[in-house]
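The structure appears below as C-alpha cells.
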Amino acid sequence: MPSIPRGKFIVLEGLDRSGKSTQTALLTTRLRAQNHTVTHLRFPDRTTPTGTLISAYLTGANQLSDHAIHLLFAANRWEKAAEIEELIARGEWVVADRYYYSGVVYSAAKGVEGLGVEWCRQVEVGLPRPDVVVVLDAGEDVVEGRGGFGEERYEEKGLQGRVREGFRMLGGRGEGEDLVWVDAKGGVEEVEIRVWEVVEGAARKINESGRGLRRVGAW
Ligand code: Z5A
Ligand code: MG
C-alpha cells in the first residue's frame, strides 16, 4: 500500500497589510479543494490567554516591557508547536499567517538595547521549522494606502521600513533559504497565483526527497 506523504507546514510573512490574511485564506481554500485537510493558524493567535495580553498590548490597552511582549509572542507560538508537529505527521497541512520571523524582526526593529536579533531568535529555536516561508513583498508605500493601516502599535512607516530590512537580513542568515519573496503588488488573484507556484514547488520537492519536518536551529 503506498504510504501517505507527510503534511506540509507553510508560512506567509510580510509587512502589515501586505495581504497575508487574504492570501493564507485563499491558499487554505485551494488546498481544501484539492482534498487536503488544512489547519489555518494565525500568529499572534489572539484567542489564547497569551494572545489576549498581546492583543491588549497592540491596541494600546496595556503596557508591557519590550522584552516581556517579545517573550509573549514566542510563547503564543510555543503553545501550538506540538499540535503543528502532530498535524504534519498525520499527513495534514498547516498554513500560518505570520510566524517567528515576524517575532524576530518586529522586536529587533524597535532598536531597544539588549533586544537584538540573536537574543530575539534564541527563544524560537526548537519550534517546528516551516517547509517554506512566502514573504509578501508590497513596499511601505503600498501597504500604507491599504484599509486599516495605522490603527495598532507598530503601524508606522519608519518601523515598517526597518521590518522590511529585517526580513532581508533573515534571508541572508542561517535557514534563510526557507524564505522566498513574492511580489505582492497587483491584484489579489495575481498574487495568489504567484504564492501557489512557490507552495506547489516546495511541496513537490519535499515529496520527492522524502525529507521530514525539521526544527528551527540555533545560529
Ligand atoms: N507581531 C510581532 O511583533 N511579533 C510577532 O511574533 C508576531 C506579530 C507574530 C499584529 O499582527 C502585529 O503583531 C503586527 C506584527 C506584530 N504588527 N503590526 N502592526 P497581525 O498579523 O495581527 O496584523 P497585521 O499584519 O498588522 O495586519 P493585517 O491586517 O493582518 O495585514 P495582512 O494580513 O497582511 O493583510 P490583509 O488583511 O490580507 O489585507 C489588508 C487590506 O488590504 C485589506 O483591506 C485587503 O482587502 C487589502 N488587500 C489585500 N491584498 C490586496 C491586493 N493584492 N491588492 C489590494 N488590496 C489588497
Ligand atoms: Mg492579517
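Start at 1 and go down the list; that is how both ligands and their atoms are numbered.
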F9 and R129, any side-chain heavy atoms less than 4.5 Å apart:
no
If we number the atoms of ligand 1 from 1 as shown, the ones under 4.0 Å from a heavy atom of F43 are 9 (C)
Under 3.5 Å, N or O to N or O, is V191 touching ligand 1 that way? no
For atom 45 (C) of ligand 1, the closest protein heavy atom turns out to be T22 OG1, 4.1 Å
Candidates F73, Y57, Y100; heavy atom nearest atom 1 (N) of ligand 1 found on F73
Closest to atom 29 (O) of ligand 1 among protein heavy atoms sits R17 NH1, 2.4 Å
Logged contact type for R46 with ligand 1, heavy-atom cut-off 4.0 Å, is side chain
Exercise. Looking at ligand 1, does G14 have a heavy atom less than 4.0 Å from it?
Worked result: no
Salt bridge K20-D97, side-chain N to carboxylate O under 4.0 Å = no
Can you check atom 51 (C) of ligand 1: any protein non-hydrogen atom closer than 4.0 Å?
yes
heavy-atom search around atom 35 (O) of ligand 1 in the protein gives G19 N, 3.2 Å
Practice task
Considering only NZ, NE, NH1 and NH2 on the basic side and carboxylate oxygens on the acidic side, decide whether R168 and E13 come within less than 4.0 Å.
Solution key: no
For G186, the atoms of ligand 1 under 4.0 Å from one of its heavy atoms are 52 (C), 53 (N), 54 (N)
> How about S55 and T52: do any of their side-chain heavy atoms sit closer than 4.5 Å?
Replying inline: no
Going by the 4.0 angstrom heavy-atom rule, the piece of I69 near ligand 1 is neither
For this session: Give a yes-or-no answer on whether the side chains of T39 and E92 include a donor-acceptor pair shorter than 3.5 Å.
Result: no
Checking heavy-atom distances from atom 11 (O) of ligand 1 to each of R42, H70, R98, the winner is R98
Aromatic ring pairing F43/Y99, orientation class (parallel under 30°, perpendicular over 60°, tilted between):
tilted
Check: Between R121 and Y100, does any side-chain donor sit less than 3.5 Å from a side-chain acceptor?
Finding: yes
A student checking ligand 1 against R153 at a 4.0 Å heavy-atom cut-off should list atoms 18 (N), 19 (N)
Salt-bridged, R211 to D131, with N to O below 4.0 Å?
yes
The protein heavy atom nearest to atom 34 (O) of ligand 1 is K20 NZ, 2.5 Å
Ligand 1 to D16, heavy atom cutoff 4.0 Å, flagged ligand atoms 14 (C), 17 (N), 18 (N), 19 (N), 24 (P), 25 (O), 26 (O)
* **R98 and D16: CA distance, side-chain angles, deciding distance, salt bridge (charged side-chain N to carboxylate O under 4.0 Å, His left out) verdict** => CA-CA 10 Å; R98 293 194 189 270; D16 307 325; 2.6 Å; yes
Note to self: Donor-acceptor pair, distance only, cut-off 3.5 Å: does the side chain of E156 make one with the backbone of G158?
What the structure shows: yes
Problem - Side-chain donor-acceptor contact under 3.5 Å, E152 with T59 - result: no
Note: ligand 1 atoms sitting under 4.0 Å from heavy atoms of S21 are 30 (O), 32 (P), 33 (O), 37 (O), 38 (O)
Ligand 1 atoms nearer than 4.0 angstrom to some heavy atom of R77 are 5 (C), 6 (O), 9 (C)
* Any side-chain heavy atom of R215 sitting closer than 4.5 Å to one from E85? -> yes
Quick one: does Y154 get an N or O within less than 3.5 Å of an N or O on ligand 1?
no
Q. Got a salt bridge between K185 and E190, using NZ or NE/NH1/NH2 to carboxylate O under 4.0 Å?
A. no
- prompt: For ligand 1, is there an N or O atom under 3.5 Å from any N or O atom of S18?
  reply: yes
Quick check: does S21 put an N/O/S atom under 2.8 Å from the Mg ion (ligand 2)? yes
Original post:
When you check the side-chain N and O atoms of N76 and T48, is any donor under 3.5 Å from an acceptor?
Top reply: yes
Query - Polar proximity ligand 1 side, Y99 side, N/O cut 3.5 Å exclusive - result: no
shortest atom 54 (N) of ligand 1-to-protein heavy-atom contact is with R146 NH2, 3.3 Å
Counting from 1 in the order shown, the ligand 1 atoms closer than 4.0 Å to a non-hydrogen atom of V188 are 50 (N), 51 (C), 52 (C), 53 (N)
